[in-house]
Amino acid sequence: MYMSRSFSVGLAFVLLIIVAGLYNWITGMKKPAERKIVERIIKQVKVTPVKNQTLQTELELTGRLVAKQKVEVFAEVGGTLLPNGNRFREGNYFKKGEKLIGIDDEEPRLALLAQKSALMNQITLMLPDLKSDYTSSFPAWESYVNEMKLEAPLTEFPAAASEQERYFISSRNLYNLFYSIKSAESRLNKYQIYAPFSGVVASSAITEGTLVRAGQKMGDFMNAYAYELEASVNEADIDLLKRGSKVDLYSDTGTETWKGTVSRISQVVDPATQTIKVFISTSGKGLKEGMYLNGKASGREIEEVIEIPRNLLIEQENVFVVRDSLMDLKEIFPVHLTTRTAIVKGLKDGDMLVNETVAGAYDGLAVSPIIQP
């Protein structure tokens, strides 16, 4: 019994040695697994050497055209609107001094003639007394009444030679009649409205033959050949402009261009938008009131700056440069911004500016720079 157990233990021990030997022999025949080498991928970025220079700033403007000369036409007197060969209708052209509107003035004109006739009669009745009491003044008054024409505007009375003569004339109520007639003449002129400048009718609210009332608006008249572009400029950029600055104007389509000049700059800042109004005088074919135009104005020169695409700015105050094959976030100072570009200070000549947006970029990222001119 004892011999059988010892034999079994010995056999098991021998088998274990054999199995261990076979395992070592088999595993020794396998080739060791190759270790994979992870290649580090270096991102390539485009860079441009910085070269500071003196640049002319350019300010972008947008605004609406308004006529430089435009008046609202009101009736100061009432009456029936008379026919006019060149009707006061929208789009019609009138030369300066040409009659725009005529209102029937027959009644006030006849009343004025009656007043002048009464004045002539009073002067005629005064002449005999004037001849006897103020002999030296008689010829002037006689000439005045002889030359007086009822249809012509009333002229000034002859000057009184003394205070006594002036009191004498005043006692005949002549001064009162004179100024009443001058007032009536002034009112009669308001029945005819003339063009204050050459232009076109912008709007009309009347038709011939209708009855107009005093104070009624009859339309708008404007100069169609001189305009102002009313634009708003950021308060921070207003120093780039001055009165007389030249502006290139163009339409949204860009097919038409005009020249303009800064004529006025407001001194008031809009509290809501922090902008200042700038007015640009312009003229030319194709311009119409109400048009929206874009413009570019040349501003002042700035030294030691560089112009870059605006999308390169990081939070408006940094850009990426490459230093020793590493991306470096560098602080800069924007001097002037447009919709597409930025003029900045703070970069040194020779700095390698990253001139493209790099996805996932961060300060210290290893890159392979590709230099571009």
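We number each residue from 1, following the sequence as shown.
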Nearest heavy-atom contact between Glu256 and Lys285 is OE2-O, 4.5 Å
Between Phe168 and Val145, is there shared hydrophobic-cluster membership here, with clusters defined by ILVMFWY side-chain heavy atoms closer than 4.5 Å?
yes
So Tyr144 and Phe157, would you call those rings parallel, tilted or perpendicular, with 30° and 60° as cut-offs?
perpendicular
Pick one: which of Leu287, Leu229, Asn294 meets side chain to side chain contact (heavy atoms under 4.5 Å, CB included) with Leu249?
Leu229
Is there a side chain to side chain contact (heavy atoms under 4.5 Å, CB included) between Thr80 and Thr210? Walk through the geometry before answering.
CA-CA 6 Å; Thr80 303; Thr210 58; over 6 Å; no
Nearest 0.5 angstrom please: Leu177 CG to Gln115 CD, how far?
8.0 Å
Glu289/Arg64 salt bridge by N-O under 4.0 Å criterion
no
hydrophobic_cluster_shared for Leu112 and Tyr175, side chain cutoff 4.5 Å
yes
Common cluster, Leu337/Leu55, ILVMFWY with side-chain heavy-atom separation under 4.5 Å
no
Evaluate the side chain to side chain contact (heavy atoms under 4.5 Å, CB included) criterion for residues Glu208 and Arg87: first the C-alpha distance (whole Å), next the side-chain angles of each, then the deciding distance (0.1 Å), finally the verdict.
CA-CA 8 Å; Glu208 296 175 358; Arg87 301 172 61 198; 3.0 Å; yes
Set out, in order, the CA-CA distance, both residues' side-chain angles and the distance that settles side chain to side chain contact (heavy atoms under 4.5 Å, CB included) for Arg187 and Val77, then state yes or no.
CA-CA 8 Å; Arg187 184 171 180 80; Val77 294; 3.7 Å; yes
All heavy atoms of Glu185 vs all of Ala152, minimum pair found to be OE2-O, 4.0 Å
Verdict with supporting geometry, Asp248 and Lys259, salt bridge (charged side-chain N to carboxylate O under 4.0 Å, His left out)
CA-CA 5 Å; Asp248 292 322; Lys259 297 293 183 181; 2.8 Å; yes
Tell me which pairs pass side chain to side chain donor-acceptor pair (under 3.5 Å) where either residue lies in residues 302-311, with sequence neighbours left out.
Glu307-Thr341
What distance separates Ser183 OG from Leu188 CG, expressed to the nearest 0.5 Å?
11.0 Å
Where is the tightest heavy-atom contact between Met120 and Met148, given as atom of each residue plus distance?
CE-O, 3.8 Å
Only counting residues at least two apart or in another chain, list the ones meeting ring pair (Phe, Tyr, Trp, His ring centres under 6.0 Å) with Phe197.
Phe221
Salt bridge (charged side-chain N to carboxylate O under 4.0 Å, His left out) between Glu98 and Lys95: does it pass, once the steps are laid out?
CA-CA 5 Å; Glu98 190 176 354; Lys95 293 181 180 179; over 6 Å; no
Interatomic spacing from NZ in Lys330 to CD in Glu317 - rounded to 0.5 Å
15.0 Å
Working for side chain to side chain donor-acceptor pair (under 3.5 Å), residues Asn234 and Thr275:
CA-CA 4 Å; Asn234 289 330; Thr275 58; over 6 Å; no
Which heavy atom in Val201 sits nearest to a heavy atom in Arg89, and how many Å separate them?
CB-O, 3.2 Å
For Ile332, run the side chain to side chain contact (heavy atoms under 4.5 Å, CB included) check against Ile308, Leu313, Val305 and tell me which one passes.
Leu313
Between the main-chain N or O of Arg166 and the side-chain N or O of Ser170, is there a donor-acceptor pair closer than 3.5 Å?
no
Gln372, CD: over 12 other non-hydrogen atoms inside 6.0 angstrom
yes
Working to the nearest 0.5 Å, report the span between CD of Gln216 and CG of Leu81.
9.0 Å
Exam field: side chain Asp270 to backbone Ala272, donor-acceptor pair closer than 3.5 Å
yes
On a heavy-atom basis, the closest approach of His336 and Leu59 is CE1-CD1, 3.6 Å
Does any donor atom in the side chain of Lys68 or Ser281 lie under 3.5 Å from an acceptor atom in the other side chain?
yes
Under a 3.5 Å cutoff, is there a donor and acceptor pairing between the side chains of Glu90 and Ser203?
no
Whether Thr135 side chain and Lys131 backbone form a donor-acceptor pair below 3.5 Å:
yes
Mark yes when over 12 heavy atoms from residues, nucleotides or ligands other than Tyr179 sit less than 6.0 Å from its OH; otherwise mark no.
no
Joint hydrophobic cluster, Val319 plus Met327, side-chain heavy atoms closer than 4.5 Å:
no
Residues Ser368, Gln44; criterion side chain to side chain donor-acceptor pair (under 3.5 Å); working and verdict:
CA-CA 5 Å; Ser368 174; Gln44 293 183 329; 4.5 Å; no
May I ask you to say whether Arg172 pairs ionically with Asp129, meaning some side-chain N is under 4.0 Å from a carboxylate O?
yes
Tell me whether Lys277 is salt-bridged to Glu230, with the criterion being a basic N under 4.0 Å from an acidic carboxylate O.
yes
Quick one: side chain to side chain contact (heavy atoms under 4.5 Å, CB included) partners of Asn121, sequence neighbours excluded?
Leu125
When rounded to the nearest 0.5 angstrom, what is the spacing between CE in Met218 and OG in Ser204?
9.0 Å
Looking at every non-hydrogen atom in both residues, tell me the closest pair between Lys70 and Ala202 and how far apart they are.
CE-CB, 4.4 Å
Before accepting this row, confirm whether a basic side-chain N of the pair Arg340/Glu60 lies closer than 4.0 Å to the acidic partner's carboxylate O.
yes
May I ask whether Val66 and Val200 are part of the same hydrophobic cluster, defined by side-chain heavy atoms of I, L, V, M, F, W, Y residues being less than 4.5 angstrom apart, directly or through others?
no
Lys/Arg-Asp/Glu bridge criterion (N-O < 4.0 Å) met for Lys242, Asp239:
no
Check whether any side-chain N or O of Arg243 sits under 3.5 Å from a backbone N or O of Ser263 as a donor-acceptor pair, and report yes or no.
yes
Using the salt bridge (charged side-chain N to carboxylate O under 4.0 Å, His left out) rule, take Arg264 and Glu228 through it: C-alpha gap first, then chi angles, then the decisive distance, then the call.
CA-CA 10 Å; Arg264 294 180 290 139; Glu228 278 189 334; 2.6 Å; yes
Separation of Thr357 OG1 from Phe320 CZ (nearest 0.5 Å)
11.0 Å
Measure from the side-chain N and O atoms of Thr48 to the backbone N and O of Asn355, and report whether any donor-acceptor pair falls under 3.5 Å.
no
Taking it one step at a time, do Lys99 and Ile193 satisfy side chain to side chain contact (heavy atoms under 4.5 Å, CB included)?
CA-CA 6 Å; Lys99 185 166 75 173; Ile193 301 175; over 6 Å; no
Do Arg109 and Glu106 sit within salt-bridge range, that is, some charged N less than 4.0 Å from a carboxylate O?
no
Ring centres under 6.0 Å, that's the criterion: do Trp258 and Tyr250 meet it?
no
Judged by atom type as modelled, is there a donor-acceptor pair below 3.5 Å linking the side chain of Asn318 to the main-chain atoms of Leu329?
no
Go through it in stages, so that I can follow the logic: the residues are Tyr134 and Trp141, the test is ring-ring contact (aromatic ring centres under 6.0 Å, His included), and I'd like the CA-CA distance, side-chain angles, deciding distance and then a yes or no.
CA-CA 11 Å; Tyr134 303 96; Trp141 279 97; over 10 Å; no
